[in-house]
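Numbering of ligands and ligand atoms starts at 1, following listing order. One-based numbering along the sequence shown.
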Amino acid sequence: MPEPLIERYRSRLPLEPGDPVVTLNEGSTPLVEAPVISERVGARVLLKLEGANPTGSFKDRGMTVAVSRAKGSGAEVVICASTGNTAASAAAYAARAGMRGAVIVPEGRIAIGKLAQALMHGARVIALRGSFDRALEIVRALADSHPVELVNSVNPYRIEGQKTAAFEVVEELGEAPEALAIPVGNAGNVTAWWRGFRELETAPLVYGFQASGAAPLVRGAPVAEPETIASAIRIGNPARWEEAMAAFTSSRGRIEAVSDEQILAAYRLLATGEGVFCEPASAASVAGILAHGLPPAPDAPPPRTVVCVLTGHGLKDPDTALNKAPPVVGCDPELSAVERAIFD
Ligand code: AN7
């Protein structure tokens, strides 16, 4: 059983001595070799399976720290805006802490598994007739005027918790990978990974990937109506804009866009070729290195190892899976019919 992330990295996390540890034993996620993708890109590719966290996404790393601190400070309510995973995680950790949770999501635009989670954990789920970016503006204003804890990644404890993913990778490999590939939405996670690497005095190339219909960092300007099949990263005005850009620049990495077609092709390849089912947004990391390769830093050789962060589990978004997968094969209840169905 994994040790709670807060216990594993307590000395590197800014919790107060009296804070409770609100945990579901998050972190300590698998790092898995990806032979098929390695072959295609000509480097050793490893997949960090963040979908193996308790609520099925990397958000739990930040949420355990943010909710522990919120509980320790006496807060009774946590709120967030979300494209889905933050909502599911906040709802679960609020339930665990005996706190109330309220989550604001763009109406009709979050994956169904995430909605089911937030509702089951007892959060108040508010479907905003507007975008994620608008929802974030509203919860930020709300948190300024009400005694509630905002647990979006603008919350510094979220970033602190999420940096532990970099610690785990460096511990497991015995050194930092030469590159990191990561999907970018609100840009909290790339900020956190980079902080984690820097705290260990390492500096892999950081390649960030946005969906081409929701790529403000690539364009250099906010996107008013972001659009992509990868609903988790349908974000037009990332909160951690400057910090994310600093990570790409200081690491001598890149921020690039990938099309929905490229995302879906990587999503399928991961599932059929590597046996790993992630959600579409997560596949942007693999789509990115397949589409853009592994550009080296100036005067340096190409990286030989790259960790792709698979941020969320495929079961989060069964609708996209079923729409993109081959149909099931109907069959009469006879041996011969089953034989034909399997072997023809
Ligand atoms: C699977 O849940 O923003 O760049 O509100 O769910 O740190 O935002 C989710 C983001 C990547 C992007 N992959 O991370 C939310 C939310 C998955 C995600 C991202 C998200 P950030």
Check: Would you say Ser153 touches ligand 1, if touching means a heavy atom closer than 4.0 Å?
Finding: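 No, that is not the case, since the closest heavy atom of the residue is not under 4.0 Å from the ligand.
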With [atom] as the reference point, say which of [options] has the nearest heavy atom.
atom: atom 8 (O) of ligand 1; options: Asn186, Ile182, Thr311; answer: Asn186
atom: atom 5 (O) of ligand 1; options: Ile110, Leu217, Thr83, Ile235; answer: Thr83
atom: atom 6 (O) of ligand 1; options: Leu310, Asn85, Ile233; answer: Asn85

Notebook entry, point to check: Of the non-hydrogen atoms in Asn237 and Asp133, which two are nearest, and what is the gap between them?
Noted result: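 Smallest interatomic distance, heavy atoms only, reads N-OD1, 2.9 Å.
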Ligand-residue contact atoms, ligand 1 with [X], heavy atoms, under 4.0 Å:
X: Val184; value: 4 (O)
X: Gly188; value: 4 (O), 7 (O), 21 (P)
X: Thr86; value: 2 (O), 5 (O), 15 (C), 16 (C)
X: Lys59; value: 2 (O), 3 (O), 6 (O), 9 (C), 10 (C), 15 (C), 16 (C), 20 (C)

Check: Between Lys71 and Glu149, is a salt bridge (Lys or Arg N to Asp or Glu O under 4.0 Å) present by the stated rule, with each step listed?
Finding: CA-CA 9 Å; Lys71 181 84 177 168; Glu149 196 66 33; over 6 Å; no
Notebook entry, point to check: With a 4.0 Å heavy-atom cut-off (strictly under), which part of Glu279 contacts ligand 1: side chain, backbone, both or neither?
Noted result: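 Within the 4.0 Å criterion, Glu279 contacts ligand 1 through side-chain atoms alone.
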Notebook entry, point to check: Is Ala232 touching ligand 1 with its side chain, its backbone, both, or neither, if touching means heavy atoms under 4.0 Å apart?
Noted result: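 It is both parts that get close, each with some atom under 4.0 Å.
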Note to self: With nothing but distance in play, are any N or O atoms of Ser282 less than 3.5 Å from an N or O of ligand 1?
What the structure shows: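 No, since none of the N or O atoms of Ser282 sits under 3.5 Å from an N or O of ligand 1.
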